[in-house]
Amino acid sequence: MSVLVFFDGDEELSAQAVSLADQLGGELHGVQVDGPYAPSAWAAAVVEAADEVGAEAIVGPGSDRGNEVLAHVAAQLDLPFAANVTEIRGDELTRQRWGGTLLEEARIHAERKLLTAAPFALAASPTVVQARVVTPALDGAVRVVDHVAPDTGGKVSLADAKVVVSGGRGVGSSEGFAILEELAALLDAAVGCSRVVTSAGWRPHADQVGQTGTKVSPDLYIACGISGATQHIAGCKGAKKLLAINADPEATIFGHADYGVIGDLHQIVPAISAELREARG
Ligand SMILES: Cc1cc2nc3c(=O)[nH]c(=O)nc-3n(C[C@H](O)[C@H](O)[C@H](O)COP(=O)(O)OP(=O)(O)OC[C@H]3O[C@@H](n4cnc5c(N)ncnc54)[C@H](O)[C@@H]3O)c2cc1C
């Protein structure tokens, strides 16, 4: 069996795609597309590369770009596509639905399987796959001509931060975020928030973590006054460790947390900042 892995430039997620491709047990080939991002043209280049190696499966990373390109591949080939797959056994697969809160057992009937790997559900594969770099024909294709990064005011961005201090309704107000900002500054962290917070206008939408916000994968995610709704967890489940601070011992967030502090965040967050300052002299 010949399997083509699509590398989208995200090394970590692409290595997870190789893990999924490994499960198919065939000979692995790689393809990387050069030039400005143009989903349909990139997909055509991936299809061409798959035809060249006679690939019976195309596996991509479960990134926004990986899912978008594979969706275009599926449309161009008129084949089914299974996104966010965690395991594949022949024609049978397990994949994540509802932001990773539901695992679905499914069957894929196609002469060429199109799959993406669920982000952070698989360990990165140690298998080294050489990716052939191809340049797509961009004639008439929709393409990205500019990329405007959000103004973070010189601070670390939410998507890149190693530590995220995030606040929910429990923070109480826009001004209440001052103590989270203070802790974030001490930890070189970014400040995030839940949708309740952005809906209330306490923080801009760019700060929202979740299904309809930014998906983060820091080393540490500190959730302050956040209940742990599935739509929020969908955005932070990639965190290596989660510390939850919540007044309600029954809060759902504790079921996702590695560390939990039960209590009023207005006392706990400043106490952590004070400890950090003291420990650093
Ligand atoms: C289609 C759809 C998409 C959505 N997308 C997103 C998304 O991208 N991101 C997102 O976050 N939500 C999203 N939501 C909303 C989501 O369902 C929840 O409503 C939201 O995440 C709840 O926010 P919260 O945890 O801040 O508020 P709440 O659920 O109200 O929780 C507040 C928590 O704060 C605690 N608390 C209160 N006071 C204190 C205190 N003094 N100290 C400590 N703890 C305290 C409470 O015990 C409670 O657990 C979406 C919903 C839908 C339907």
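Numbering of ligands and ligand atoms starts at 1, following listing order.
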Got Val163 and Asp188 here, is their nearest side-chain heavy-atom distance under 4.5 Å?
-> no
With sequence neighbours left out, write down each residue that passes salt bridge (charged side-chain N to carboxylate O under 4.0 Å, His left out) with Asp258, or none if nothing qualifies.
-> none
With Asp10, which residues qualify under side-chain hydrogen bond (donor to acceptor under 3.5 Å, both in side chains), at least two apart?
-> none
Throw together a table of side-chain donor-acceptor distances under 3.5 angstrom for residues 67-76, partners on residues two or more places apart or in other chains.
from, atom 1, to, atom 2, distance (Å)
Asn67, OD1, Thr116, OG1, 2.7
Asn67, ND2, Ser63, O, 3.4
Glu68, OE1, Tyr37, OH, 2.7
Gln76, OE1, Ala44, N, 3.4
Gln76, NE2, Ser40, O, 3.0

Pairing of Glu56 and Arg112 as salt bridge, 4.0 angstrom limit = no
Under 4.0 Å from ligand 1 - residues by heavy atom, chain and number = Gly168, Arg169, Gly170, Ser194, Arg195, Val196, Gln208, Val209, Gly210, Gln211, Thr212, Gly213, Gly225, Ile226, Ser227, Ala229, Gln231, His232, Asn246, Ala247, Asp248, Gly263, Asp264, Leu265, His266
Do the rings of Tyr221 and His232 sit parallel, tilted or perpendicular, given the 30° and 60° boundaries?
-> tilted
